[in-house]
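Report on the structure given below.
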Amino acid sequence: MLPVTNLILRTSNKKIKNFEDDKDSVLKLNPGLRYDGIVNIRNKKGVEKFNRFSGQYYLLDENKQLIESFEVVIGVDIKYPNSFPILILLDDHFEKSDKYHINEKGFVCLEHTYIANAIAAGGLRLVDFVDYYLPRYFSWALVKKFGDASELEEWDHHDKGTIELYQILTGVSSKEGISAFLERYLTEPKPRRNTPCYCGADAKLKDCHWKEAVFLHSTPRAQIKKDLGLFE
């Protein structure tokens, strides 16, 4: 199973019960950021309303000493907490290219979309998002730019990344095997525990690829149907 659910509402801070609590925690822990209110942000889906944070994100070392600061915008969809925030890099620390997983407008690809969908379905606090993804990404990008990048891990880009995800998810490397898995998955409106497993094994789904099926259910079926074309 992909390492998805470790981030879902994982904070031990029981005081965070709503967006206002979450916002206050983020601002307290990240003094370079400010809250700008609700704004319209254009993304792949069009123009949507987001809670906008902007300013400087300070990347610190284990001794809380500054490594580098980055000018960013963080957008939190009004469907909070069932949304995956967006990160926009405004400065020129890194080139806007696939090499750094940043598009020409500065949107940073922090996670494969389907993993982000699964996390959002379970609910995600912004303080956890900032605490986990921002140091993870900026540390990775600095190493890629200035250090030895041979040991760095990253998803392949675009369709190659989706193929890679399905290979990890199903445990199958052949296009035929993955295509068969997805076709069986698409025969049902939602996963059922006692149905034969989509992988073709002589086992019920609950005893085989149940978690993987639930993971896929977070992504629209139309998209998964489209993905079948990747395995023709």
Side-chain angles (χ1 to χ4, degrees), residues 1-12 26 29-30 32-33 44 56-74 84-120 122 124-175 177-178 181 209 211-212 215-216 218-219 227 230-231:
M1 180 59 185
L2 296 169
V4 176
T5 56
N6 65 318
L7 193 62
I8 296 175
L9 296 179
R10 68 186 179 94
T11 184
S12 59
V26 168
L29 293 171
N30 298 272
L33 297 178
K44 292 181 180 179
Q56 296 292 317
Y57 170 72
Y58 302 136
L59 179 65
L60 307 177
D61 65 16
E62 58 186 10
N63 297 314
K64 304 300 182 183
Q65 298 300 306
L66 180 67
I67 297 174
E68 187 60 271
S69 64
F70 305 91
E71 187 179 0
V72 301
V73 167
I74 299 171
F84 192 87
I86 60 173
L87 174 66
I88 306 172
L89 180 64
L90 298 181
D91 60 41
D92 296 321
H93 274 89
F94 312 112
E95 65 185 74
K96 307 299 193 296
S97 69
D98 283 349
K99 179 179 179 180
Y100 291 100
H101 297 267
I102 309 175
N103 73 11
E104 67 280 0
K105 295 182 179 180
F107 286 77
V108 180
C109 181
L110 295 170
E111 190 60 275
H112 191 285
T113 301
Y114 301 178
I115 297 178
N117 290 344
I119 292 173
L124 175 63
R125 292 189 177 102
L126 179 61
V127 69
D128 291 333
F129 170 84
V130 172
D131 180 60
Y132 179 80
Y133 276 105
L134 271 64
R136 180 173 177 254
Y137 172 76
F138 287 122
S139 297
W140 174 89
L142 286 173
V143 171
K144 188 156 192 175
K145 184 174 182 178
F146 297 111
D148 179 5
S150 61
E151 299 298 321
L152 292 179
E153 296 182 354
E154 60 182 304
W155 289 106
D156 282 333
H157 302 295
H158 311 299
D159 287 347
K160 288 184 178 180
T162 298
I163 291 171
E164 181 186 8
L165 181 141
Y166 279 125
Q167 289 173 334
I168 295 172
L169 186 73
T170 62
V172 176
S173 58
S174 70
K175 288 187 175 182
I178 296 172
F181 185 101
H209 281 85
K211 290 182 178 180
E212 290 78 1
F215 170 86
L216 281 179
S218 300
T219 291
D227 289 345
L230 301 175
F231 303 100

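Inter-residue side-chain proximity for F215 and I115 is flagged as met; some heavy-atom pair is nearer than 4.5 Å. Residues K144 and E154 have side chains in contact (heavy-atom distance under 4.5 Å, counting atoms from C-beta outward). Annotation: side chain of I88 is not in contact with side chain of K105 (no heavy-atom distance under 4.5 Å). E212 places none of its side-chain heavy atoms less than 4.5 Å from the side chain of L216. Side-chain contact between V72 and L33 is present, with at least one heavy-atom pair separated by less than 4.5 Å. Residues E111 and F84 meet the side-chain proximity criterion, which asks for heavy atoms closer than 4.5 Å.
A centroid separation of less than 6.0 Å is found between the aromatic rings of Y166 and F231.
A 6.0 Å sphere centred on CD of E95 holds more than 12 heavy atoms belonging to other residues, nucleotides or ligands.
Looking at residues two or more places apart in sequence or on another chain, you find no ring-ring contact (aromatic ring centres under 6.0 Å, His included) involving Y58.
Rounding to the nearest 0.5 angstrom, the gap separating the CG atom in D131 from the CG atom in L126 is 10.5 Å. Once rounded to the nearest 0.5 Å, the distance linking CG of L110 with CZ of R136 reads 8.5 Å. One distance of note links CD of E71 with CG of D92; it measures 9.5 Å at 0.5 Å rounding. Atom NE2 in H157 sits 8.0 Å away from atom OG in S97 (nearest 0.5 Å). Note that CG of D98 is 10.5 Å distant from CG of D156, once rounded to the nearest 0.5 Å. Note that CD1 of I102 and CZ of F107 are 12.0 Å apart. Values are rounded to the nearest 0.5 Å.
Considering every non-hydrogen atom in both L66 and L60, the closest pair reads CA-CD2, 3.7 Å. A pairwise comparison of heavy atoms in L169 and H209 identifies O-CD2, 3.9 Å as the closest pair. Taking all atoms of both residues into account, the shortest heavy-atom contact from I74 to L87 is CG1-CD1, 4.0 Å. Of all heavy-atom pairs spanning L59 and S139, the tightest one is CD1-OG, 3.8 Å. Closest heavy-atom contact between P85 and L124: CD-CD2, 3.8 Å. The minimum heavy-atom distance between S69 and Q56, with the atom names listed, is OG-OE1, 3.4 Å.
Using a distance-only test at 3.5 Å, with no hydrogens or angles considered, no donor-acceptor pair links the side chain of K145 to the main chain of Y100. A donor-acceptor contact shorter than 3.5 Å links the side chain of D91 to the backbone of H93.
Taking the six-membered ring where tryptophan is involved, the planes of F129 and Y133 are tilted, since the angle between them lies from 30° to 60°. By the 30° and 60° cut-offs, the orientation of the rings of F94 relative to F70 is parallel.
Applying the ring pair (Phe, Tyr, Trp, His ring centres under 6.0 Å) test between H101 and each of Y137, W155, W140 identifies W140 as the sole match.
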